[in-house]
Amino acid sequence: MPSDPDAATETFVEHRNLLFTVAYELLGSAADAEDVLQESWLRWAAVDLDEVRDRRAYLVRIVTRQALDRLRSLGRRRESYVGPWLPEPLLTTPDVADDVELAESVSLAMLLVLETLSPTERAVFVLREVFGLGYDELAAAVDKSPAAVRQIAHRAREHVAARRPRGEVSREEAGAALAAFQRAVETGDLQGLVDRLAPDAVLLGDGGGVVQATLEPLVGADRILGLLSLRLPIPDLESIEQAMINGWPALIMHIDGKINTAVTLRLDGGMITGIYLVRNPAKLSRLTEPTMITR
C-alpha cells in the first residue's frame with residue numbers, strides 16, 4: 001500500500017493531463033489512452049511514495065510501459081481494421097496552438113508519421129523530443145540501456161525528419177486551405193482546391209467499416225478531385241464549422257444532428273499534401289468538449 005493514499009491521489013490528479021498526453025501521443029487513441037491511465041493508476045496506488053524520488057518521472061515511466069504494452073497489441077488489431085486507420089481526433093483549447101512544438105507533435109499528420117515507427121522508437125522519440133526526458137529517464141521507461149536509447153533516439157529522429165511536413169505552416173495558410181475545402185463541401189466549387197492541392201496529395205478516409213469511406217488511400221490530385229467532384233456538395237449537410245483539432249485549425253461536419261466527419265489537412269510549402277477524413281463514429285466522441293493536453 002502507498003505510504004499516503006491522499007498524496008498518491010493528489011499527485012496523479014496533478015499530472016493527469018500530462019500523462020494523458022503522453023499516452024495519447026504513443027497510441028493515437030483517446031479511448032486507449034484513458035484505459036492506460038486506469039491501469040497506471042492501479043499500479044501507482046500500490047507504490048510506496050517514500051521510495052519515489054521524482055514522482056512525475058515515475059508516473060511517466062508507468063504510463064509509458066503500459067502504453068507500450070497496449071501499442072504492441074494494437075498493432076495486431078489494426079492489421080484487421082477495415083480501410084485506412086487514422087488517429088482519434090481531439091477538440092483542443094486555443095492555448096495548445098500557442099505551444100508550437102506540442103501542437104505539431106499531436107497533429108494528425110505527425111501522429112501518422114509516428115505510426116511508422118516501432119513502439120520503442122515511438123516512445124523514445126515522443127518522450128525525448130516532446131517531453132524532454134533525459135536519456136537515463138528514457139532508459140528506465142523503455143527498459144533499455146542509456147547507450148541503446150541514444151541510438152534509438154537518433155534513428156527515430158532521422159526517420160521522422162524524412163517524413164514530417166516540410167517547413168512551418170502559418171495559421172493564415174491553414175485557414176485559407178480549410179476555407180477552400182469548406183467552400184467545396186458547401187457548393188461543389190473545387191477551384192479553390194485545384195489551386196492548393198499538391199500533385200502527389202493523399203486522401204485518407206477512416207470509416208472503420210461502419211460508415212462509407214475510401215477503403216484505400218487515394219493518391220494524386222486528379223484522383224482526389226475526381227472523387228470530390230462526384231461527392232460534393234453534400235446534399236444533407238446541416239453545418240460545417242471550423243474548430244481546433246489536435247492543436248490545428250480543422251473542420252467538423254454535422255449531419256442528422258450529429259458530428260459526421262472531422263476534416264484535417266496536411267500542408268507542405270503552402271500546398272495541401274494530405275486530406276484526412278475521420279468518419280468512424282467511435283472516433284468522434286472527443287469533438288464536443290475540449291480535451292486538456294499539456295507537457
Side-chain angles (χ1 to χ4, degrees), residues 20-21 23-34 71 74 77-93 96-97 103-116 165 169 174 177-178 180-182 184-186 193 197 201-219 224 227-228 231-232 234 236-267 272-291 293:
F20 173 85
T21 307
Y24 175 74
E25 289 212 32
L26 293 182
L27 298 166
S29 163
D32 287 310
E34 293 288 2
L71 189 59
L74 284 176
R77 223 165 68 191
R78 288 174 189 170
E79 288 176 0
S80 59
Y81 195 81
V82 178
W85 182 92
L86 289 171
E88 182 178 355
L90 305 177
L91 189 68
T92 50
T93 53
V96 174
E104 183 194 18
S105 72
V106 298
S107 68
L108 262 67
M110 178 57 77
L111 291 176
L112 284 174
V113 172
L114 295 179
E115 283 290 313
T116 64
V169 178
L178 282 173
F181 194 93
Q182 181 171 349
V185 170
E186 292 175 330
L193 282 180
L197 205 55
V202 177
L203 182 149
L204 298 176
D206 181 343
V210 180
V211 297
Q212 185 180 33
T214 53
L215 294 179
E216 298 289 342
L218 204 60
V219 182
I224 293 172
L227 174 69
L228 295 180
R231 301 281 178 86
L232 302 179
I234 299 176
D236 50 354
L237 179 70
E238 291 178 353
S239 66
I240 180 169
E241 60 189 13
Q242 290 206 16
M244 294 298 292
I245 292 181
N246 290 55
W248 288 90
L251 296 171
I252 297 177
M253 297 164 52
H254 292 80
I255 294 176
D256 293 332
K258 300 176 182 178
I259 294 177
N260 176 272
T261 306
V263 181
T264 59
L265 304 177
R266 168 176 168 152
L267 274 71
I272 299 171
T273 58
I275 299 174
Y276 309 130
L277 310 176
V278 181
R279 306 200 65 237
N280 184 346
K283 293 185 175 183
L284 300 176
S285 63
R286 289 281 187 148
L287 296 177
T288 56
E289 296 291 337
T291 295
I293 60 174

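- Within the structure, salt bridge (Lys or Arg N to Asp or Glu O under 4.0 Å) pairs that include any residue of residues 105-114 do not occur (at least two apart or interchain).
- What you find for G208 and N280 is that their closest heavy atoms are CA-ND2, 3.7 Å.
- Heavy atoms only, all atoms of each residue included: M244 and A97 are closest at CE-CB, 3.6 Å.
- How far CG of L111 is from OH of Y24: 5.0 Å, rounded to the nearest 0.5 Å.
- Evaluation of the side chain to side chain donor-acceptor pair (under 3.5 Å) rule for T214 yields no partner, not counting sequence neighbours.
- Partners of E216 by side chain to side chain contact (heavy atoms under 4.5 Å, CB included), not counting sequence neighbours: none found.
- Between the CZ atom of R286 and the CD1 atom of I245 there is a distance of 13.5 Å, given to the nearest 0.5 Å.
- Panel note: side chain Q242, backbone L178; no donor-acceptor pair is recorded below 3.5 Å.
- The side chain to side chain donor-acceptor pair (under 3.5 Å) search around D206 returns Y81, K283, not counting sequence neighbours.
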Handout entry: Full working for side-chain contact (heavy atoms from CB on, under 4.5 Å) between L91 and T291
Key = CA-CA 6 Å; L91 189 68; T291 295; 6.0 Å; no
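- Here the closest heavy-atom approach between residue P217 and residue P84 is recorded as N-CG, 4.2 Å.
- Residue L90 holds its CG atom at 9.0 Å from OG of S285, rounded to the nearest 0.5 Å.
- Looking at every heavy atom in both residues, L284 comes nearest to N260 through CD1-O, 3.6 Å.
- Remark: of the listed residues I275, V278, L108, L277, L108 is the sole one forming a side chain to side chain contact (heavy atoms under 4.5 Å, CB included) with T264.
- Annotation: the span from F20 atom CZ to I293 atom CD1 amounts to 8.0 Å, rounded to 0.5 Å.
- Contact detail for V82 and L215: the closest heavy-atom pair is CG1-CD2, 4.0 Å.
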Just distance, no hydrogens or angles: give the donor-acceptor pairs under 3.5 Å from side chains in residues 247-259, sequence neighbours left out.
residue	atom	partner	partner atom	Å
W248	NE1	A103	O	3.1
H254	ND1	S239	OG	3.3

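- Side-chain contact between V202 and T273 is absent, with no heavy-atom pair separated by less than 4.5 Å.
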Practice task
Run the numbers on L267 and L265 for side-chain contact (heavy atoms from CB on, under 4.5 Å), then give the verdict.
Solution key: CA-CA 6 Å; L267 274 71; L265 304 177; 3.8 Å; yes
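- In terms of heavy-atom proximity, T93 sits nearest to P290 at CG2-CB, 3.6 Å.
- Side chain of R279 to main chain of Q212: a donor-acceptor pair is present (N/O by atom type, distance under 3.5 Å, no hydrogens or angles).
- Legend: residues meeting side chain to side chain contact (heavy atoms under 4.5 Å, CB included) with A109, ordered by chain and number and at least two apart, are S107, P165, R266, Y276.
- Expressed to the nearest 0.5 Å, how far CG of L204 lies from CG of L112 amounts to 6.5 Å.
- In this structure, the separation between CG on L193 and CD on Q182 is 11.5 Å, given to the nearest 0.5 Å.
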